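Computed from a predicted structure; not experimentally measured.
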Amino acid sequence: MKRNLILPLILIALASQQLTAETPKPVVQSSPEGLVSELYKLHEKKQSPFFQTKDHGVVTQYFSERLAQLIWKDAVTSKGEVGVLDFDPLYDAQDFDIKKFSLRKSKSEKDSAEVIASFENMGHKTEIAFSLVLTKTGWKISDIKYADGRHLVGLLSGK
């Protein structure tokens, strides 16, 4: 009887190891700057959460619930075509050649912060402001504001 139990237990142990090995690691969200920095690093690796439609969880790792829903809806409903986001939201451009990139925190409170990304794109100086909120699961981006007054939540919600 013991022999009959050993094989199923071994199979269960192997299956649980396989499941744990494939589980994505959560984003380290120790600081607002760290989260925004990680988002730009993903972009460089061509793994940006903005336009992917395979895993909604990837979007919710970086964005507040409302913004994550708006980003996901735009990516899914555009079905591989250009959606509302017809530009790269991290650089506010369709084409880019980024130089002198830096991040700095401009505002910080207990449960909210603002991080500014500064860079030159094709010789043009640009600043983009990331509004963040502290949630139960860490820092999340709640909106992205562009120099001309547009903001990501407004663009995606049609406002």
Side-chain angles (χ1 to χ4, degrees), residues 16 19-80 82-122 124-159:
S16 68
L19 287 173
T20 346
E22 294 177 4
T23 304
K25 294 179 181 177
V27 177
V28 177
Q29 299 177 13
S30 58
S31 71
E33 302 97 316
L35 179 69
V36 175
S37 176
E38 181 64 27
L39 194 58
Y40 276 98
K41 287 176 187 173
L42 277 179
H43 184 277
E44 287 179 23
K45 295 178 186 177
K46 308 270 189 255
Q47 298 174 348
S48 172
F50 282 101
F51 303 104
Q52 65 87 23
T53 58
K54 292 181 180 176
D55 187 356
H56 186 267
V58 172
V59 182
T60 60
Q61 286 181 343
Y62 296 92
F63 302 100
S64 66
E65 187 176 328
R66 179 173 184 221
L67 184 53
Q69 290 296 340
L70 291 168
I71 291 168
W72 182 255
K73 180 181 174 188
D74 185 53
V76 170
T77 57
S78 63
K79 298 179 181 172
V82 176
V84 172
L85 291 181
D86 61 352
F87 64 99
D88 188 305
L90 294 181
Y91 294 109
D92 190 21
Q94 291 179 336
D95 300 311
F96 44 90
D97 180 25
I98 305 303
K99 305 231 186 298
K100 299 180 183 178
F101 181 87
S102 67
L103 291 176
R104 73 178 189 282
K105 191 180 341 179
S106 70
K107 295 179 188 173
S108 183
E109 296 182 24
K110 182 180 175 184
D111 58 356
S112 66
E114 184 175 80
V115 173
I116 306 293
S118 300
F119 50 88
E120 283 185 18
N121 184 15
M122 299 182 182
H124 183 262
K125 291 182 181 181
T126 303
E127 286 195 347
I128 296 175
F130 292 80
S131 299
L132 293 99
V133 293
L134 185 59
T135 69
K136 293 177 191 174
T137 58
W139 288 100
K140 306 284 181 170
I141 298 166
S142 60
D143 206 357
I144 301 175
K145 300 171 188 171
Y146 302 103
D148 63 2
R150 295 173 300 132
H151 61 102
L152 194 56
V153 169
L155 292 169
L156 291 171
S157 61
K159 295 179 182 176

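- The heavy-atom pair separating I141 from L67 by the smallest distance is O-CD2, 3.6 Å.
- Nearest heavy-atom pair, D97 versus N121, reported as atom, atom and distance to 0.1 Å: N-OD1, 2.8 Å.
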Intermediate values then yes/no, side-chain contact (heavy atoms from CB on, under 4.5 Å), Q69 and H56: CA-CA 9 Å; Q69 290 296 340; H56 186 267; 3.7 Å; yes
Stepwise side-chain contact (heavy atoms from CB on, under 4.5 Å) test for W72 and Q52: CA-CA 8 Å; W72 182 255; Q52 65 87 23; 3.8 Å; yes
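- Below 30°, between 30° and 60°, or above 60°: for F101 and Y91 the angle between ring planes is above 60°, a perpendicular geometry.
- Minimum heavy-atom separation, I128 to T126: CG1-CG2, 4.1 Å.
- Between the CD atom in E38 and the OH atom in Y62 there is a gap of 4.5 Å [rounded to 0.5 Å].
- When the shell of 6.0 Å around CD of E65 is examined, it contains 12 or fewer heavy atoms from other residues, nucleotides or ligands.
- From K107, atom NZ reaches atom OG of S131 across 7.5 Å, with rounding to the nearest 0.5 Å.
- Under the 3.5 Å distance criterion, the side-chain polar atoms of S37 are left unmatched by any main-chain donor or acceptor of E33.
- Shortest non-hydrogen contact noted between K110 and W139 is O-CH2, 4.1 Å.
- When all heavy atoms of L42 and P49 are compared, the pair lying nearest together is CD1-CD, 4.3 Å.
- For an aromatic pair to be called close, the ring centres must be under 6.0 Å apart, and Y146 with F87 satisfies this.
- Counting all heavy atoms, side chain and backbone alike, K140 lies closest to S64 at CB-N, 3.6 Å.
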